[in-house]
J.: 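Let me begin by handing over the structure; questions about it come next.
Fair warning: this is a prediction, and the values are worked out from it, not measured in the lab. For the numbers below, each heavy atom of this structure counts, side chains included, while hydrogens, waters and symmetry mates do not.
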Amino acid sequence: MTEQKLQMDKFAIAAALQEIAQLMELRGGQSRFKAKAYNAGARSIQAVGDLDRLVREDQLTTLPRIGGALASQIKQLYLTGESSVLNDLRKEFPRGIVQLSAVPGLSLAKIKQLHEELGISSVEELKAAAEAGKLRDLKGFGAKTEKRLLEQIDQSKEKPRERLHLHHALSTADRVVP
């Protein structure tokens, strides 16, 4: 007996597409354009009424901003709960890089710069580098930015925020509101 994963709802698929976009943005180059397409696709999927029918009838490309490659990933996510593109991107980047994007004031460009120039791939490594004064020598940073990042990291540890992913909230709302 083979184990089959549960189908993903449209909000979970949109969240996966947004993660793909975020990782492609980190990759840079031509991937930036693909990232925009994945973000646009996520918005289209969130707005769709009957995803089951569109997948079943192979009509995903009738949606605005959904091309063949994106439709293939959506169908893969819907049917298996996984995306080959997302899995490959997750292997390409250290896990902590996505965590760094949760630090307020740290753009994707700065995350990429930190990773490329200092090898930083986690919030803990960022904190250690900031405490050691290594960030202030990077272009676009400085002593004030270094101090602000340390404050942001310390604040997030003092009062951890409970996060509710949008796709979970919207999925629950769909069940509650007819």
Side-chain angles (χ1 to χ4, degrees), residues 1-112 114-115 121-123 152 156-157 159-178:
M1 181 173 138
T2 60
E3 183 179 319
Q4 185 175 359
K5 293 192 177 199
L6 295 175
Q7 292 178 341
M8 293 180 86
D9 67 14
K10 66 183 182 179
F11 302 112
I13 291 171
L17 295 177
Q18 289 169 336
E19 184 180 351
I20 290 170
Q22 184 180 30
L23 292 171
M24 284 185 168
E25 187 77 28
L26 277 172
R27 183 193 276 165
Q30 291 291 350
S31 294
R32 287 188 323 237
F33 301 109
K34 290 181 181 180
K36 288 181 181 184
Y38 275 91
N39 274 324
R43 288 189 299 275
S44 289
I45 286 298
Q46 286 175 341
V48 93
D50 189 1
L51 183 60
D52 294 327
R53 183 186 59 78
L54 290 172
V55 171
R56 188 176 55 252
E57 295 175 6
D58 207 17
Q59 296 292 312
L60 288 167
T61 55
T62 63
L63 294 171
R65 301 177 297 264
I66 305 284
L70 191 49
S72 170
Q73 289 305 302
I74 293 167
K75 188 172 184 176
Q76 196 178 82
L77 283 162
Y78 179 80
L79 295 174
T80 69
E82 292 190 11
S83 161
S84 57
V85 170
L86 182 55
N87 290 340
D88 289 345
L89 284 167
R90 283 177 175 163
K91 289 176 190 170
E92 187 176 326
F93 293 101
R95 190 170 201 84
I97 286 185
V98 174
Q99 294 170 350
L100 286 171
S101 68
V103 176
L106 203 53
S107 68
L108 293 177
K110 286 188 176 187
I111 292 169
K112 186 175 181 183
L114 288 168
H115 181 65
S121 61
S122 71
V123 174
Q152 293 291 346
S156 67
K157 286 186 178 180
K159 53 176 186 171
R161 292 184 297 175
E162 285 266 342
R163 287 189 164 200
L164 178 62
H165 289 275
L166 181 61
H167 71 279
H168 290 300
L170 292 171
S171 178
T172 301
D174 273 353
R175 286 180 281 201
V176 174
V177 180

J.: Apply the test side chain to side chain contact (heavy atoms under 4.5 Å, CB included) to residues Met24 and Val85: give CA-CA distance (whole Å), side-chain angles for both, the deciding distance (0.1 Å), then the verdict.
T.: CA-CA 10 Å; Met24 284 185 168; Val85 170; 4.0 Å; yes
J.: Could you state the interatomic distance from OG (Ser44) to CD1 (Ile66), rounded to the nearest 0.5 Å?
T.: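 Those atoms lie 4.5 Å apart.
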J.: Could you check whether any side-chain heavy atom of Leu17 comes within less than 4.5 Å of a side-chain heavy atom of Leu70, counting everything from C-beta outward?
T.: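 Of all side-chain heavy-atom pairs linking Leu70 with Leu17, at least one is under 4.5 Å.
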J.: Among all residues two or more places apart in sequence or in another chain, which pass the side-chain hydrogen bond (donor to acceptor under 3.5 Å, both in side chains) test with Asp58?
T.: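 None.
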J.: Please indicate whether Glu57 has more than 12 foreign heavy atoms, meaning atoms of other residues, nucleotides or ligands, lying under 6.0 Å from its CD.
T.: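 Above 12, so yes.
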J.: Which residues pass the side chain to side chain contact (heavy atoms under 4.5 Å, CB included) test with Gln76, sequence neighbours left out?
T.: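 Gln76 satisfies side chain to side chain contact (heavy atoms under 4.5 Å, CB included) with Gln73, Thr80, Ser83, Ser84 only.
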J.: Answer yes or no: are there more than 12 heavy-atom neighbours, outside Lys112 itself, under 6.0 Å from its atom NZ?
T.: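 Yes.
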J.: State, to 0.1 Å, how close Gln59 and Thr62 come at their nearest heavy-atom pair, and which atoms those are.
T.: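 Residues Gln59 and Thr62, closest heavy atoms: O-OG1, 2.6 Å.
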J.: If you round to the nearest 0.5 Å, how far is CD1 of Ile111 from CD of Gln99?
T.: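 The CD1 atom of Ile111 is 10.5 Å from CD of Gln99, to the nearest 0.5 Å.
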J.: When rounded to the nearest 0.5 angstrom, what distance separates CD in Glu25 from CZ in Arg32?
T.: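 Output value for this atom pair is 7.0 Å.
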J.: Residues in side-chain hydrogen bond (donor to acceptor under 3.5 Å, both in side chains) with Gln22, at least two apart?
T.: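 Gln22: side-chain hydrogen bond (donor to acceptor under 3.5 Å, both in side chains) contacts with Ser101.
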J.: Yes or no on side chain to side chain contact (heavy atoms under 4.5 Å, CB included) for Asn39 and Gln18, after CA distance, side-chain angles and deciding distance?
T.: CA-CA 6 Å; Asn39 274 324; Gln18 289 169 336; 3.8 Å; yes
J.: Starting at CG of Asn87, measure out to CD of Glu82 and round the result to the nearest 0.5 Å.
T.: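 Output value for this atom pair is 5.0 Å.
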J.: About how many Å separate CG of Leu23 and NZ of Lys91, when rounded to the nearest 0.5 Å?
T.: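 Rounded to the nearest 0.5 Å, the NZ-CG separation comes to 13.5 Å.
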J.: Starting at CG of Leu60, measure out to CG of Leu51 and round the result to the nearest 0.5 Å.
T.: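 One finds 6.5 Å between CG of Leu60 and CG of Leu51.
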J.: List the atom of Thr61, the atom of Ala71, and the distance in Å for their closest heavy-atom pair.
T.: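 Minimum heavy-atom separation between Thr61 and Ala71: CG2-CB, 3.8 Å.
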J.: Taking Ile74 as the fixed residue, which of Ile45, Leu54, Leu79 is the one that meets the side chain to side chain contact (heavy atoms under 4.5 Å, CB included) rule?
T.: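 Considering Ile45, Leu54, Leu79, a side chain to side chain contact (heavy atoms under 4.5 Å, CB included) with Ile74 is found only for Ile45.
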J.: I'd like to know if the side chain of Lys10 and the backbone of Val48 have a donor-acceptor N/O pair within less than 3.5 Å.
T.: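 Confirmed, Lys10 side chain pairs with Val48 backbone.
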